[in-house]
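Proteins come first, then strands; the chains are lettered A, B, ... in the order of their sequence lines, and each starts at number 1.
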Protein chains: 4
Amino acid sequence: MPNRKFDLKKQPLQERAKFTVDVIKQAGIHILREQGYAGVTTNKVAEKAGVSIGSLYQYFPSKEVLVAEIKRDHFCQLRQLFQQAYDDTAGQALPERAKAFVMASIDAHRLDPVLHSVLNTDLPDFEVKEDDDSAVSVRKWIEKLLDDHRHEIRDGVSIAVAARLSYSLVEAILHDAVSHAPESLEDASFVDEVVLMLLAYLKPAPTG
Amino acid sequence: MPNRKFDLKKQPLQERAKFTVDVIKQAGIHILREQGYAGVTTNKVAEKAGVSIGSLYQYFPSKEVLVAEIKRDHFCQLRQLFQQAYDDTAGQALPERAKAFVMASIDAHRLDPVLHSVLNTDLPDFEVKEDDDSAVSVRKWIEKLLDDHRHEIRDGVSIAVAARLSYSLVEAILHDAVSHAPESLEDASFVDEVVLMLLAYLKPAPTG
Amino acid sequence: MPNRKFDLKKQPLQERAKFTVDVIKQAGIHILREQGYAGVTTNKVAEKAGVSIGSLYQYFPSKEVLVAEIKRDHFCQLRQLFQQAYDDTAGQALPERAKAFVMASIDAHRLDPVLHSVLNTDLPDFEVKEDDDSAVSVRKWIEKLLDDHRHEIRDGVSIAVAARLSYSLVEAILHDAVSHAPESLEDASFVDEVVLMLLAYLKPAPTG
Amino acid sequence: MPNRKFDLKKQPLQERAKFTVDVIKQAGIHILREQGYAGVTTNKVAEKAGVSIGSLYQYFPSKEVLVAEIKRDHFCQLRQLFQQAYDDTAGQALPERAKAFVMASIDAHRLDPVLHSVLNTDLPDFEVKEDDDSAVSVRKWIEKLLDDHRHEIRDGVSIAVAARLSYSLVEAILHDAVSHAPESLEDASFVDEVVLMLLAYLKPAPTG
DNA sequence: AATGAATGAGCTTTCATTCAT
DNA sequence: TATGAATGAAAGCTCATTCAT
């Protein structure tokens with residue numbers, strides 16, 4: 001992947017090296033969760049990981065790359081959830097598929113809510129490289145789904161915009177829910193409500 | 001409460017001091033806009049403002065307070081917009097009032113879109129003090145409006161929650177629009193679409 | 001007094017000015033007591049005194065001079081106590097006079113124990129100008145007294161050395177007492193014990 | 001207690017690190033001697049030591065800890081002198097043992113007189129942590145000795161108090177001697193005089 | 001005389017990064 | 001390869017002092 005902005009310094013070909021890379025990422029995740037991005041220092045990460053600072057720099061050429069890798073991994077998991085939701089509901093109607101997506105979003109937030117929120121709100125902008133932003137690939141699946149149902153969506157809005165807005169919408173609601181009423185994520189009626197809202201946006205009926 | 005941790009160190013008494021405070025805030029805003037919160041350093045702000053670092057600390061006991069003051073000022077302007085929207089539409093129907101609010105939000109984003117987004121997404125949490133968080137007073141006016149129309153809103157959701165979500169929702173959409181399609185803010189149909197969405201949330205009609 | 005290292009910038013001839021000088025000194029003393037020498041800053045002193053920082057510098061050309069003035073005043077009071085003890089016991093025997101001096105020392109410590117200890121132990125050396133060191137004039141009176149009784153003191157020790165050692169001795173004991181058993185200052189038998197000790201030094205009897 | 005506030009940040013593992021720690025302490029001692037505690041700044045110490053400021057903070061988490069370490073080292077040497085004096089005179093009479101202690105004190109002052117006096121008089125109180133204050137362990141040996149001879153000491157004074165006062169006494173005298181007549185430390189009769197004084201305190205004979 | 005706004009050298013401390021071993 | 005000692009730019013902040021008003 002030559003067009004990635006930051007490459008890993010060295011592909012960990014050996015078992016030992018792969019393990020080290022993993023241990024370092026786990027330590028980074030731990031500190032991100034506990035202390036946010038501002039709390040991450042390479043020295044702390046190396047210590048927590050039980051490796052020398054030199055080793056960390058063997059595999060991650062900078063702090064930014066380390067965090068970017070962690071973010072990429074996380075969004076890769078998210079993408080899989082959405083991909084799964086897409087595949088699992090192939091052929092079904094829009095409401096069912098929308099529900100599957102909302103539930104995938106909720107699962108995503110359950111994976112590691114604190115990390116998710118740190119990665120989404122606590123990272124300086126320069127952390128996000130356009131083609132690195134895995135949110136993109138998450139949205140790809142939403143676009144695919146909306147495109148499958150493009151005739152059920154109201155006119156005058158592009159699929160790309162609708163996908164982006166749908167994602168923002170659900171993220172905003174879930175972010176809010178996680179912060180202020182985390183138990184609602186487990187509440188079945190909450191899911192239905194969000195789905196309703198999403199559908200209302202995608203194909204609003206007259207409100208009168 | 002003159003000893004609040006997040007108060008100014010010293011009230012500017014003379015004209016010259018008021019000017020200095022202002023110049024410092026403007027410099028802070030400038031750097032926030034250009035380089036985000038992480039880019040703000042007291043030395044850079046002082047230099048940009050053309051005052052000594054000592055003068056900065058004469059009025060702002062810490063970097064955090066400076067940013068908090070800037071945030072307070074900004075949200076104070078927002079609150080006025082929302083208050084105006086509330087007052088101007090007193091007695092009208094929910095759709096009209098919702099539209100007034102959405103337009104107020106858009107105006108808010110036009111005030112200083114980049115600053116707005118930095119203040120909303122780039123600030124560490126500790127920046128937000130409970131009674132200092134001016135987003136609260138913005139929400140107060142949304143709550144007031146929703147409360148006026150509480151019978152037109154679907155059951156099972158508290159006014160407070162609905163207000164928070166409405167705000168998050170509109171913010172998320174506008175944030176997205178500002179980043180990816182800033183011209184849409186000027187598009188009349190965009191406003192209508194957002195209003196539709198908001199109403200769909202507040203009182204969804206059967207989508208069947 | 002042209003040979004004083006630091007002169008007051010200006011003799012306070014007017015009533016108002018004298019009052020200001022006093023208020024500043026009192027504020028300085030207060031802060032010395034509460035926060036030690038390290039806690040003294042000219043700005044804090046001026047604020048505590050209720051005068052502007054500019055006024056402080058009108059009367060005290062530097063922080064060092066301010067503290068030196070406070071120290072001089074304090075040791076001036078001490079000197080008066082010792083002078084009084086000398087005068088009051090003129091013509092009496094050594095033990096009585098020694099007791100008078102020890103009691104004067106105790107009174108000195110009672111004047112302002114904390115300030116005394118701060119002035120004696122917490123001040124950087126450069127604070128002490130040879131001819132400014134009012135401890136000198138305190139010792140002068142001890143020397144005078146010992147000289148009156150030079151025949152009752154053992155041979156082989158100069159009056160100057162004996163005076164200095166006597167003072168160090170009593171100071172060391174009292175300093176220790178103030179820190180670790182302040183109530184002993186009020187105990188009559190404590191006084192007698194210190195006197196005993198002092199006499200034992202000045203004219204030791206065979207201990208066999 | 002590996003997490004004590006006043007511990008070193010990191011134990012030096014390699015030879016090079018041990019050397020660095022030492023060089024830093026030596027530089028700190030040098031500056032303490034020349035400019036007193038107020039003259040100590042971490043930058044000056046690092047520069048004098050010829051290491052980077054970062055290296056200093058690698059081993060000493062704060063300026064305070066650095067000075068505390070220097071003090072600990074110094075008093076450790078003192079303790080050894082007193083311990084030696086105690087052991088060397090086991091079984092002898094009080095006057096001999098007292099003399100041994102006074103001579104140990106004199107040796108202590110000869111080790112590094114200026115540093116000794118700076119560490120004893122120029123340090124802010126917060127520098128002294130209860131169990132860190134090595135003066136305590138010096139006093140322990142005096143207490144041990146006095147306890148061996150408790151029947152030869154006058155009644156009505158606890159061993160602990162007597163030990164503290166004896167130490168203060170000898171310190172005060174020597175401090176004075178060092179400042180005003182350093183050659184007296186080499187004078188045999190001076191030693192005898194101090195011993196006499198100490199014994200006079202511990203068991204005063206009637207002066208009548 | 002008095003005020004207080006302004007100054008800036010200098011302090012303590014952090015942390016991403018390098019490099020000799 | 002792995003280690004960890006060393007680096008030093010740069011950050012936040014203090015405070016004695018000056019000077020325009």
Side-chain angles (χ1 to χ4, degrees), chain A residues 10 12 14 16-17 20 38-47 51-66, chain B residues 9-21 38 40-47 50-64 66, chain C residues 10 12 14 16-17 20 38-47 51-66, chain D residues 9-21 38 40-47 50-64 66:
Chain A
K10 162 169 281 196
Q14 324 222 354
R16 172 78 186 279
T20 302
V40 174
T41 76
T42 50
N43 284 297
K44 268 199 279 187
V45 171
E47 190 187 15
V51 305
S52 69
I53 180 67
S55 289
L56 187 151
Y57 276 89
Q58 192 102 74
Y59 295 110
F60 301 94
S62 78
K63 176 186 162 179
E64 278 71 36
V65 171
L66 169 58
Chain B
K9 216 173 195 172
K10 183 186 275 190
Q11 288 304 322
L13 297 180
Q14 304 180 357
E15 263 317 300
R16 183 158 64 132
K18 277 199 185 96
F19 177 75
T20 300
V21 164
V40 174
T41 76
T42 50
N43 284 304
K44 271 198 279 187
V45 171
E47 191 186 12
V51 304
S52 72
I53 181 65
S55 288
L56 189 153
Y57 278 93
Q58 189 114 62
Y59 300 107
F60 303 95
S62 76
K63 174 187 161 176
E64 280 72 35
L66 170 59
Chain C
K10 163 171 279 201
Q14 324 221 352
R16 172 78 186 280
T20 303
V40 174
T41 76
T42 49
N43 284 297
K44 268 199 280 186
V45 171
E47 190 187 12
V51 305
S52 70
I53 181 66
S55 290
L56 188 151
Y57 276 88
Q58 192 102 78
Y59 295 109
F60 301 94
S62 77
K63 177 186 162 179
E64 278 71 36
V65 170
L66 169 59
Chain D
K9 214 175 198 171
K10 183 187 275 191
Q11 288 303 324
L13 296 180
Q14 304 180 357
E15 262 320 299
R16 183 158 64 130
K18 276 196 185 99
F19 176 75
T20 300
V21 165
V40 174
T41 76
T42 50
N43 283 306
K44 273 199 276 187
V45 171
E47 190 187 10
V51 305
S52 71
I53 181 64
S55 288
L56 189 154
Y57 277 91
Q58 189 113 63
Y59 299 107
F60 302 95
S62 76
K63 173 187 161 177
E64 279 73 36
L66 169 59

Phosphate OP1/OP2 of E/dA6: any B/Thr20 side-chain N/O under 4.0 Å:
yes

Side-chain donor or acceptor of C/Asn43 under 3.5 Å from a matching atom on the base of F/dA16?
yes

Side-chain N or O of A/Gln58 less than 4.0 angstrom from OP1 or OP2 on F/dA2?
yes

Given atom CD of D/Glu64 and atom P of E/dC11, what is their separation to the nearest angstrom?
14 Å

Interatomic distance where NZ belongs to B/Lys18 and P belongs to E/dA6 [whole Å]
12 Å

Distance check: side-chain N/O of D/Tyr57 vs OP1/OP2 of E/dT14, anything under 4.0 Å?
no

What pattern of brackets, bars and dots sums up DNA chain F from 5' to 3', given Watson-Crick or G-U wobble pairs under 3.5 Å, [ ] for crossing pairs and | for another strand?
.||||||||||||||||||||

Counting only side-chain N and O atoms of A/Thr41, is one of them less than 4.0 Å from OP1 or OP2 of E/dC15?
no

N/O (side chain, D/Thr42) to phosphate O (OP1/OP2, E/dT12) under 4.0 Å
yes

With heavy atoms under 4.0 Å as the rule, sort A/Val45 into base, sugar-phosphate or nothing.
nothing

Counterpart residues, side-chain contact (heavy atoms from CB on, under 4.5 Å), relative to A/Ser52 (two or more places apart)
A/Ser55

Below 4.5 Å, heavy atoms only, C-beta onward: do B/Phe60 and B/Thr42 meet side chain to side chain?
no

Quick one: is B/Ser52 getting a side-chain N or O under 4.0 Å of the E/dT7 phosphate, OP1 or OP2?
yes

Quick check on side chain to side chain contact (heavy atoms under 4.5 Å, CB included): which of B/Val21, B/Thr20, B/Val45 does B/Val51 satisfy it with?
B/Thr20

When the nearest nucleotide of DNA chain E is assigned to D/Ser55 and to C/Ser55 on a heavy-atom basis, which residue is associated with the more 5' position?
C/Ser55

When the nearest nucleotide of DNA chain E is assigned to B/Arg16 and to D/Ile53 on a heavy-atom basis, which residue is associated with the more 5' position?
B/Arg16

